[in-house]
Amino acid sequence: MEQVALDSFDIRLLDALQKDGRASLFALAEKIGLSASQLGRRLKRLEESGLMEGYAALLNAEAVGLGFEAYCLVSLERHSSDGTEKFHDAMRALPQVMDCVAVTGEADFILRIVATDLKAYSQFLLDKIMPLPGIRQVRSSIVLRPIKRSHVLPLSHLKS
């Protein structure tokens with residue numbers, strides 16, 4: 001993705017939106033120091049540039065009954081483009097897989113998976129992950145307690 005030229009107003013706007021995506025244009029304009037119409041134009045430009053991927057409500061997993069979380073390290077038998085793409089497609093189709101990243105090191109992928117409990121997680125692995133073609137090894141680390149979670153990207157490197 002091509003980097004978008006940002007000025008200090010854009011950076012402050014992005015930072016404010018990351019922290020409160022429900023803020024009104026008027027509230028954001030006051031905070032940033034621009035008129036609501038100027039801010040609206042900037043926001044539209046940032047959205048159209050692809051810099052912003054969307055808006056979402058952040059749900060409390062435990063409150064909706066998904067308090068069990070694990071990181072799953074997956075290694076594939078071999079890396080053919082077709083086999084890897086099928087694995088990618090399978091991960092995209094599973095709503096329990098919150099994140100799937102390709103990594104270097106001991107495994108090929110790390111998955112962040114949510115479930116209702118250990119029994120449901122075990123069944124999910126047995127029914128959905130392990131039967132996939134090309135899976136060599138699956139190892140899990142169960143989250144005991146989250147220490148830090150954030151959706152806010154640091155933007156200090158953008159400031160001149």
Can you name the closest pair of heavy atoms from [X] and [Y] and give their distance?
X      : Y     : result
Ala29  : Ser35 : CB-C, 3.8 Å
Arg45  : Ala5  : NH1-O, 3.7 Å
Pro95  : Met98 : O-SD, 3.8 Å
Ala107 : Leu73 : CB-CB, 3.7 Å

Is any side-chain heavy atom of [X] less than 4.5 Å from a side-chain heavy atom of [Y]?
X      : Y      : value
Val101 : Phe109 : no
His151 : Leu58  : yes
Tyr55  : Glu47  : yes
Leu51  : Leu14  : yes
Leu59  : Leu66  : no
Met91  : Ile129 : yes
Leu111 : Asp99  : no

So how far is it from [X] [atom1] to [Y] [atom2], rounded to the nearest 0.5 Å?
X     : Y     : atom1 : atom2 : result
Lys44 : Met52 : NZ    : CE    : 14.0 Å
Lys86 : Leu76 : NZ    : CG    : 13.0 Å
Leu13 : Gln38 : CG    : CD    : 12.0 Å
Ile32 : Arg12 : CD1   : CZ    : 5.5 Å

Tell me which one of [options] satisfies side-chain contact (heavy atoms from CB on, under 4.5 Å) with [X].
X      : options               : value
Leu158 : Asp15, Ile11, Asp10   : Ile11
Leu17  : Val152, Leu43, Leu46  : Leu43
Cys72  : Ile110, Leu125, Val97 : Leu125

Is it true that a side-chain atom of [X] and a backbone atom of [Y] form a donor plus acceptor pair closer than 3.5 Å?
X      : Y      : answer
Glu69  : Ile142 : no
Glu85  : Asp82  : no
Ser122 : Leu118 : no
Arg112 : Tyr71  : no

Hey, any chance [X] and [Y] share a hydrophobic cluster, counting ILVMFWY side chains that come within less than 4.5 Å of each other, even indirectly?
X      : Y      : value
Val114 : Val138 : no
Val4   : Leu155 : yes
Leu94  : Phe68  : yes
Met130 : Val74  : yes

Any chance the rings of His79 and Phe87 have centres within less than 6.0 Å?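 His79 vs Phe87: aromatic centres not under 6.0 Å.
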Apply side chain to side chain donor-acceptor pair (under 3.5 Å) to Thr116 and Tyr121, showing your working. CA-CA 7 Å; Thr116 55; Tyr121 175 70; over 6 Å; no
Looking at Arg78, I want to see if its CZ is surrounded by more than 12 non-hydrogen atoms of other residues, nucleotides or ligands under 6.0 Å.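 No, because the 6.0 Å sphere around CZ of Arg78 holds 12 heavy atoms or fewer from other groups.
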Is there a side-chain contact (heavy atoms from CB on, under 4.5 Å) between Leu39 and Phe9? Walk through the geometry before answering. CA-CA 9 Å; Leu39 192 84; Phe9 290 112; over 6 Å; no
Could you tell me whether [X] and [Y] have a side-chain N and a carboxylate O separated by less than 4.0 Å?
X      : Y      : result
Asp108 : Arg136 : no
Arg92  : Asp89  : yes
Asp7   : Arg42  : yes

